[in-house]
There are 2 protein chains.
Amino acid sequence: MSQRNTRVPERADEQEACTLLEVISRVSGKWSIVVLLETARRPMRFTELERAIHGISRRMLTLTLRQLERDGFLVRTVHPTVPPRVEYAATDMARELHAHLSGLTEWAERHRDTVAAARAAFDEAAAAR
Amino acid sequence: MSQRNTRVPERADEQEACTLLEVISRVSGKWSIVVLLETARRPMRFTELERAIHGISRRMLTLTLRQLERDGFLVRTVHPTVPPRVEYAATDMARELHAHLSGLTEWAERHRDTVAAARAAFDEAAAAR
DNA sequence: CTGTATCCGGTGGGATACTG
DNA sequence: CAGTATCCCACCGGATACAG
């Protein structure tokens, strides 16, 4: 989502960071991940996604879908009926990404308490000063 | 009555998406990942990081370090010497996160060409319209 | 039903001068 | 050496109105 994060690596040891930032930038938008998860299970229609994803605006749903389609994570299919029927289906690449992200989710759940404790300690130390 | 058509919003999916967004938000800043990678190898001093990370401003290095310290990814140690000597060291949790992120890097490298091709095709189709 | 167009506020991040 | 303070701007995302 945020293209401002792209930059050219000047050093070899920054190459990995650049690659990581590249992929993370693609899914770091506010709605990218939840759209990926919804479509990973089965193809979804526009309004179906709009109803399933609580709080998303029509504009952001469109932008997020376009971006995911552009990067090859979603395939958009228009059925020429009246009214129009558009389906968004996750690609194999997207499902593979989802598997890696699940690893991150597992990590996050395992360390959630530790992070919360670290934050509380940091904030308390800051307040004490 | 048959309730086959009533669709309950997928709470589990949104929950996972929220957890994922939480952890990704912590490392999606422009400089978070490269700072994590640099400090993961060995403890680093402030100016050392400033020199190692090409293009980072003093302000953003400070903000990034504070944020990573607050979440428990870095430990900041001040040696009471003159001039002051401050070292930032990655925690075990941060190194574990780094391992998961490496999986993402591998995925990104494997699919880099596919993504590039998808983008080119999408942009060309958009230009043709 | 499936989008576009427009306006607007909040925020992430750059440049740089100052400081203990 | 290791930061902080200030100014500034680009861009993300929300609300809403319009359209094929």
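On a predicted model such as this, the values are computed, not experimentally measured, just so you know. Labels below follow one simple rule: chain letters A, B, ... track the order of the sequence lines, proteins then strands, and each chain is numbered from 1.
- For the pair A:Lys30 NZ and C:dG9 P, the computed distance is 18 Å after rounding to whole Å.
- In this structure, B:His54 places its NE2 atom 14 Å from C1' of C:dG14, rounding to the nearest Å.
- Contact annotation: B:Arg76 reaches the phosphate of D:dG3 (side-chain N/O to OP1 or OP2, under 4.0 Å).
- Nucleic acid contact class of A:Arg58 (heavy atoms, under 4.0 Å, all strands): base.
- If B:Pro84 and A:Tyr88 are placed on DNA chain C by their nearest nucleotide, the residue sitting closer to the 5' end is A:Tyr88.
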* To do: Walk me through it: do B:Thr77 and B:Arg85 pass the test side chain to side chain donor-acceptor pair (under 3.5 Å)?
  => CA-CA 8 Å; B:Thr77 308; B:Arg85 174 188 180 85; over 6 Å; no

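- In this structure A:Arg58 satisfies the side-chain contact (heavy atoms from CB on, under 4.5 Å) test together with A:Phe46, A:Glu50, sequence neighbours excluded.
- Nucleotide D:dT16 holds its P atom 16 Å from the CE atom of A:Met60, rounded to whole Å.
- Using a 4.0 Å heavy-atom distance criterion, B:Arg59 is classed as a base contact.
- Formation of a donor-acceptor pair under 3.5 Å by the A:Thr91 side chain with backbone atoms of A:Leu74 is not found in this model.
- When rounded to the nearest whole Å, the span between CZ of A:Phe46 and C1' of D:dG20 equals 14 Å.
- Backbone-only engagement by B:Thr47 is indicated by non-hydrogen atom pairs under 4.0 Å involving sugar-phosphate atoms exclusively.
- A:Glu69 places its CD atom 14 Å from the P atom of C:dT2, with the value rounded to the nearest Å.
- Rounding to whole angstrom units, CD of residue B:Glu50 and C1' of C:dG14 are separated by 14 Å.
- The closest donor-acceptor contact from the side chain of A:Arg76 to the backbone of A:Glu87 lies at 3.5 Å or more, if one exists at all.
- Here the P atom of nucleotide C:dT2 and the CZ atom of A:Arg66 are 11 Å apart, to the nearest Å.
- Here C:dG14 presents its C1' atom at 11 Å from CD1 of B:Ile56, a figure rounded to the nearest Å.
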